[in-house]
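Encoded as structure tokens, the structure appears first; notes follow it.
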Amino acid sequence: MTAELNNRWALQWQRTPSWLRSTLILFGIWSVPVLIGSSGHFLGMAAQGMQLQMPAYHIWGHSLATWYIWIPTTPVILWLGRRYHFGEGQRLVSLLVHVVAASLMFLLQALSIIYVSTAIGHMTPGVPLGDRLAGEIINQYVFTLLTYAVVVSAAAGLRLARHSRDRERQALQLEAQLAQARLEALRSQLQPHFLFNALNSAVMLVRQGNNPEATSVLVQISDLLRYVLDERTPMVSLRDELHFLHRYLGIEQVRFGDRLVVEASVPDDLLGLPVPNLILQPLVENALRHGVGAKTGVGHLSIRARRNGSGLELEIEDDGPGVEAGWSLERDAGVGLSSTMRRLQELFGAGYKLEISSGTSGGTLARVTVPT
């Protein structure tokens with residue numbers, strides 16, 4: 001019920017004309033010193049055990065005349081603060097403008113106090129205006145200057161804070177755009193690489209005279225290209241990534257035949273988790289080329305997924321010759337692995353892991369861990 005009322009009030013406030021909202025805000029701001037000043041006078045008298053020496057409406061009237069004159073003048077002061085700021089090259093001019101404006105503000109405030117105080121009987125009638133202004137100068141001028149300075153300084157501080165937030169938001173937007181551009185560049189680098197390897201499978205089948213199988217491969221390549229070239233977000237579900245990988249392996253299965261055995265171990269509760277788009281295909285391609293394709297006889301390819309703390313761990317393992325001695329991921333990675341590393345860096349910074357090591361079967365194990 002409370003949340004509904006708050007939402008209703010918020011909606012009503014948004015529908016209120018801007019000039020009325022500004023007036024209400026200024027009224028609320030300048031009511032604070034009215035309440036503090038008047039209440040302080042009453043409490044001070046009570047604390048000293050003294051009776052009120054003047055009618056309460058005298059105190060409230062004087063306080064209202066002192067502070068509410070700032071309501072119509074604050075927008076002018078704010079405009080002057082924006083127009084005559086203390087930037088390089090105009091400090092002296094700005095200082096003179098604000099001193100004159102503050103003096104005029106004092107004059108308006110003094111006349112307001114004199115008029116209201118005379119109307120309610122707080123001031124003795126018949127006293128010359130010059131004498132009253134002289135008294136107000138002694139009592140009020142310095143305080144008015146300080147109040148004016150506080151208003152200008154507070155407005156300048158709010159402007160700086162707003163500009164800082166705007167710059168930070170623009171910087172974040174620019175950083176996101178640059179990261180997206182870099183991801184698209186890496187994606188465009190991966191696409192022709194993937195296309196070359198997929199077409200190479202079809203060429204090998206043609207050379208072997210397996211035209212029906214080559215035709216089937218080309219049809220599957222067409223389906224895969226529609227997926228790869230589609231404008232997708234950098235992250236997809238693990239289910240979609242595995243579906244793409246299944247179609248890719250269908251092409252490779254034609255080429256390898258019975259020599260390729262694929263095993264997958266992915267719990268159903270992980271299928272909805274987000275993973276980088278096309279994160280597994282380069283790892284599988286690497287395993288097929290340097291693992292299964294480099295051995296005689298049947299080769300096994302294992303695809304596994306499991307939770308690792310707050311992250312998702314994906315593994316591609318083959319039973320091929322294994323990692324060569326002295327091989328380094330940073331130094332020796334090809335196009336697919338290099339693009340994969342850079343894409344992970346763009347997406348997660350230091351929050352990912354990509355490891356290439358010897359597997360339990362003596363082959364190669366590629367493990368990538370991403371946050372979820």
Side-chain angles (χ1 to χ4, degrees), residues 169 171-195 197-198 220 223-252 262-288 301-318 329-330 333-357 364-372:
R169 183 168 58 252
L172 290 175
Q173 291 174 349
L174 179 59
E175 182 179 351
Q177 292 171 358
L178 290 174
Q180 182 64 28
R182 288 191 291 265
L183 283 171
E184 289 300 324
L186 292 170
R187 185 169 175 238
S188 64
Q189 180 186 24
L190 185 61
Q191 288 168 358
H193 178 70
F194 160 77
L195 177 61
N197 285 280
Q220 294 185 68
D223 293 337
L224 290 179
L225 284 178
R226 275 195 291 268
Y227 180 92
V228 172
L229 297 176
D230 186 20
E231 293 297 329
R232 293 176 175 269
T233 59
M235 303 292 289
V236 297
S237 69
L238 180 57
R239 179 182 290 104
D240 288 344
E241 182 69 9
L242 290 174
H243 183 59
F244 170 81
L245 191 62
H246 175 73
R247 288 187 289 180
Y248 170 75
L249 285 171
I251 296 175
E252 297 298 329
V262 180
E263 300 173 349
S265 176
V266 180
D268 291 341
D269 61 328
L270 302 182
L271 294 176
L273 295 180
V275 297
N277 190 15
L278 298 179
I279 191 64
L280 293 178
Q281 186 272 332
L283 303 179
V284 170
E285 178 187 316
N286 194 64
L288 294 178
L301 180 70
S302 296
I303 303 169
R304 298 185 289 268
R306 59 174 173 268
R307 284 195 177 274
N308 184 0
S310 60
L312 174 64
E313 190 173 88
L314 305 170
E315 290 184 345
I316 304 295
E317 184 176 4
D318 64 72
L329 178 61
E330 291 75 15
V335 174
L337 287 178
S338 297
S339 296
T340 299
M341 285 191 295
R342 290 197 292 272
R343 290 174 63 229
L344 289 169
Q345 178 67 33
E346 292 294 342
L347 288 170
F348 305 114
Y352 81 96
K353 288 183 180 179
L354 178 59
E355 304 167 290
I356 306 295
S357 60
T364 301
L365 172 64
R367 178 185 296 116
V368 58
T369 306
V370 296
T372 57

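Position 1 is the first residue of the sequence; numbering continues from there. Keep in mind that this is a model prediction, so the values were computed, not measured.
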Return the [atom1] to [atom2] distance between [X] and [Y], rounded to the nearest 0.5 Å.
X    : Y    : atom1 : atom2 : answer
M341 : L354 : CE    : CG    : 6.5 Å
L271 : D240 : CG    : CG    : 10.0 Å
T364 : D318 : OG1   : CG    : 4.5 Å
Q281 : L288 : CD    : CG    : 9.5 Å
L270 : R239 : CG    : CZ    : 10.5 Å

Run the side chain to side chain contact (heavy atoms under 4.5 Å, CB included) check on I303 and I316 step by step: do they pass?
CA-CA 5 Å; I303 303 169; I316 304 295; 3.8 Å; yes
P274: what forms a side chain to side chain contact (heavy atoms under 4.5 Å, CB included) with it, not counting sequence neighbours?
M235
Can you name the residues that form a side chain to side chain contact (heavy atoms under 4.5 Å, CB included) with S357, not counting sequence neighbours?
L365
Using a 4.5 Å cut-off on heavy atoms from C-beta on, say whether the side chain of [Y] contacts that of [X].
X    : Y    : result
Y248 : V284 : yes
R343 : N277 : yes
L249 : L301 : yes

Would the distance check show the side chain of T372 and the main-chain N or O of S310 forming a donor-acceptor pair, the cut-off being under 3.5 Å?
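Checked: pair present.
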Going by the rule salt bridge (charged side-chain N to carboxylate O under 4.0 Å, His left out), which residues pair with R304 if we only count those two or more places apart in sequence or in a different chain?
E315, E317
E313 meets the salt bridge (charged side-chain N to carboxylate O under 4.0 Å, His left out) criterion, sequence neighbours left out, with R306, R367
Could you tell me which non-hydrogen atom of P371 sits nearest to which non-hydrogen atom of G351, and how far apart they are?
CD-O, 3.1 Å
Could you pull out the closest heavy-atom pair between S237 and G272, with the gap in Å?
CB-O, 4.3 Å
Please check if the number of heavy atoms outside D268 that lie under 6.0 Å from its CG is greater than 12.
no
Step-by-step side chain to side chain contact (heavy atoms under 4.5 Å, CB included) determination, V368 to T340:
CA-CA 10 Å; V368 58; T340 299; 5.9 Å; no
Start with the C-alpha gap between L344 and I279, add the side-chain angles, then the distance that decides, and say whether side chain to side chain contact (heavy atoms under 4.5 Å, CB included) holds.
CA-CA 9 Å; L344 289 169; I279 191 64; 3.7 Å; yes
